[in-house]
Amino acid sequence: MRVKRLAVLSFLFTLACKPPTASEQMDSIISWLGTAGMAGRAWLNHTTPDKYTRQTLELSHDSLLEIGNGLFKSLPPGVDSASLDSALTRSREHVALMAKLVDQKDAPDFRTLLDSLQADETLVKQLADSVEAKEQ
Amino acid sequence: MKKILQLTLGIVTSVGGFLEIGSVTTAAQAGARFGYQLLWVILLGTVCLIFLIEMAGRLAAVSKHTIVDAMRERFGFPFFFFVLIGMVIVAFLVLVAELGGIAFALQILTGIRFPWWALPVSLLVWLLMWKGTFSLIENGASLLGLVTISFVVAAFKLGPDWSSVGASLVPTLPDSDKANYGFIAVSILGASISPYLMYFYSSGAIEDKWDRSYIPMNRIIAGSGMTFGGFLSMAVLVAAALALRPKGLQVDTFPQAALLMTTALPRWGFYLFALSMLFACFGAALEISLAIAYFFAQGFGWNWSEDLQPSQDARFAFVYTIIILLAAVPLMLRVDPIKVTMVSMALTSATLPLAIVPFLFLMNDPLYLGKHRNGWISNTVVAIVILLSFVLAVISIPLQIIGG
Amino acid sequence: MHLIRDVLDKQLVDRQDCNMGRASGLIVHLGESTQPRLTHVVIGGPALWMRIHPSLGKLSTKLARLWGPKRKEPVKIPWSRVKTVGKDLKLDVDAKESGALDWELWIARHIIERIPGGGSEEEE
Amino acid sequence: MDINIELLLGTKVCDANGEKVGRIEEFRVEDDGNSCRIEAYLIGTSALIQRLSAWTLVRPIQRALRSRKLYSVFEVRWQDMDLSDPKQPRLRISGKDLRHAR
């Protein structure tokens, strides 16, 4: 029994180390863009505290950066990586800016950034579908 | 009247044991990834738990033994010690996760990072154990835990499509991502069927001095309490499926989970989530610390009661003091509570047989239960729990590694 | 009556129904030709760890010499002091004097009572 | 000689001719107010099952598996058990003369 438990534990650790596929990485990118979007909207409606919003945006930014770095190695051929890259960098910068605007309580600029973020998100979603298609 | 009050035991057991960081995160992940599809696992877990909890209460009411008492007596010290090691390791991990849940809830409320909260939180939990009485913990936790009803409100306000909700109570397999599906299913089972619940509940029955006259009440308590908990975590899953899934959100971190109710309840959603996690995890933390201390005290035959002064049951108090303080350490070292949660939930269901097989023997022991022994229905359910949890764990965890 | 099922590992309680550990060992006197006689009930300590592995038994003896209530020989209760064998073993002894609570008292004095609000084990 | 009886649990027992009989699982005692004496040593699997008082669980399973297997149990009267070396208990009689309990 104890042996089995150790086995399970080691399994879970290898699980943590297992390199994710490109489409999985795309999913988590979308997930983090969505997080930034939702947190942003909530903040505009004055329903979440500033500190939480800023931290979450920063977290999203860092995660996007991290995943983005790994992504382009594992990207399958035939995917428009150039537009993906630009979309990612742009949205990343926007998220970082939004985090700053939260402290300045600058809602108007924040809203414009949020909208452009939304646009990038839809673009990434389309690219994600193409990645998935390529992977099959 | 006293027996009616006993309902709180059921509710605290469920709020503390059922709805805690484990079930919230697993349910939220399930909803965000697979929509309603995993609802059936929560239903299954709830049904199994109702049976197990009822048995734990019956054993205590009839034989005046807690599960641990009986296990030590029947199976002797060596076997008991083996189970002790296993249970304490898993329960400790869960305790770390719960303290992490409290700390994280405080982080999103205050903006102060969770490692800073780890020590104050564990000290507060310890203080309540040190000063509080059993009924204080019982009733306090269950009252505060009622905040978690907000999950149900949120789920309803998002207007789920009831027909598909109902349909998902029947097991189905997803077209893709099967490994992940299995892994989350295992974690949900681990989150709902946690052995420490049974130890806590049977000890609670002894602390509340149950006798045979409680057998019918015990059924009601177990049934209603666990159903309550089950509903809550189903509500979490539904809310996640409706609020997070469309945005493609995966609940990998706590701040993401915090967005669960912001769409359903714009004004209060965020704070209600934070408070719910705060209270639910707090109840769970108390319950697990008590369960661990009970396990030692009963197994070794020490004095034990949450109502005694610490010095009257020094070894009992010593155990929970050590455990609670130790649990703060990994968090201060910035270990991610969500990761701990997922690991501990999967471990719980993998080690379930260790806790439940001896329990099956005890529940059929004529010397303890006389004519109140398990019937074939209960025995079948227990057998199913053992097989299911273990098989699921052994199959899906490797699958998860290979990647389906 | 069956020794293992009905006596070993049972909860021990003293005159005031105070828990004093579990029956961790049973000592039997073997005569040359006389019938084996149950003489003592052993409480806690090495006897317990012996049952898992002899080396653990030795280890616990060593550790017990290093710290805690330094006690020479294990706590033994003569069988004649056992009043009833039921859910618990009722013993006609005083838990504190029997030595079964040495660790309880030691931890109470050295740790618990040093922490504010711990109370004192003297008060009953 | 005084011995810790619980350490005898699970030790193999050989009969007078050195043939293996089974493992010691339980001790039947008689307690007449002033002293508690060992009447018999119970050896074999069903002694274990009885010790765990698990018959109510085992019998239905056996029936379900349609197994006719009868688990061995021997009741060895105290006179017939030689514990001069607690590590290797031996019977003073041969295995054939053992009576099956129940």
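All chains are named by letter (A, B, ...) in the order of the sequence lines, taking the proteins before the strands, and each is independently numbered beginning at 1.
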*Asks:* To the closest 0.5 Å, what do you measure between CG (Leu123(A)) and CD (Gln118(A))?
*Replies:*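 It is 13.0 Å, given to the nearest 0.5 Å.
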
*Asks:* Looking at chain B, which one of Lys125(A), Lys51(A), Glu121(A), Gln55(A) has the largest number of heavy-atom pairs inside 4.5 Å, strictly under?
*Replies:*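 The residue among Lys125(A), Lys51(A), Glu121(A), Gln55(A) with the greatest pair count is Gln55(A).
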
*Asks:* Could you give the distance from CE (Met38(A)) to OG1 (Thr56(A)), rounded to the nearest 0.5 Å?
*Replies:*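 Reported value, rounded in 0.5 Å steps: 11.5 Å.
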
*Asks:* Which residues pass the side-chain hydrogen bond (donor to acceptor under 3.5 Å, both in side chains) test with Gln250(B), sequence neighbours left out?
*Replies:*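 With neighbours one apart ignored, the set is empty.
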
*Asks:* Mind checking the CZ-OG1 spacing from Phe273(B) to Thr262(B)? Nearest 0.5 Å is all I need.
*Replies:*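 Between Phe273(B) CZ and Thr262(B) OG1, I get 10.0 Å after rounding to 0.5 Å.
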
*Asks:* Please evaluate residues Thr26(B) and Gln29(B) with respect to the criterion side chain to side chain donor-acceptor pair (under 3.5 Å), reporting the C-alpha separation (whole Å), side-chain torsions for both, the decisive distance (0.1 Å), and the verdict.
*Replies:* CA-CA 5 Å; Thr26(B) 49; Gln29(B) 284 190 337; over 6 Å; no

*Asks:* Just to be sure I understand the criterion: a residue of residues 27-34 of chain A counts if one of its heavy atoms is under 4.5 Å from a heavy atom of chain B. Which ones qualify?
*Replies:*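 Answer by number: Asp27(A), Ser28(A), Ile30(A), Ser31(A), Trp32(A), Gly34(A).
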
*Asks:* Could you list the residues that satisfy ring pair (Phe, Tyr, Trp, His ring centres under 6.0 Å) with Phe75(B), not counting sequence neighbours?
*Replies:*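 Phe75(B) satisfies ring pair (Phe, Tyr, Trp, His ring centres under 6.0 Å) with Phe79(B), Phe361(B) once adjacent residues are dropped.
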
*Asks:* Just to be sure I understand the criterion: a residue of residues 87-98 of chain A counts if one of its heavy atoms is under 4.5 Å from a heavy atom of chain B. Which ones qualify?
*Replies:*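 Against chain B, none of the residues of residues 87-98 of chain A fall inside the cut-off of heavy atoms under 4.5 Å.
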
*Asks:* I'd like to know whether the aromatic ring centres of Phe295(B) and Tyr196(B) sit less than 6.0 Å apart in this structure.
*Replies:*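 When the ring centroids of Phe295(B) and Tyr196(B) are compared, they turn out to be at least 6.0 Å apart.
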
*Asks:* Aromatic ring centroids of Tyr52(A) and Trp43(A) under 6.0 Å?
*Replies:*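 No.
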
*Asks:* Does a salt bridge link Lys100(A) with Asp106(A), judged by any charged N lying under 4.0 Å from a carboxylate O?
*Replies:*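 Here Lys100(A) does not pair with Asp106(A) in a salt bridge, since their nearest N and O are not under 4.0 Å apart.
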
*Asks:* Quick one: do Lys134(A) and Asp80(A) make a salt bridge, cutoff under 4.0 Å?
*Replies:*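 Looking at Lys134(A) and Asp80(A), the cut-off is not met.
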
*Asks:* If we ignore angles and hydrogens, is there a donor and acceptor under 3.5 Å between the side chains of Gln256(B) and Thr35(A)?
*Replies:*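 Their side chains do contain a donor-acceptor pair, which is all the 3.5 Å distance test asks for.
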
*Asks:* So for Thr110(B), is it side chain, backbone, both, or neither that comes closer than 4.5 Å to the heavy atoms of chain A?
*Replies:*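 The backbone, not the side chain.
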
*Asks:* Would you mind telling me which of Ser63(A), Pro49(A), Gly37(A) has the largest number of heavy-atom pairs within less than 4.5 Å of chain B?
*Replies:*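 Most pairs with chain B among the choices: Pro49(A).
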
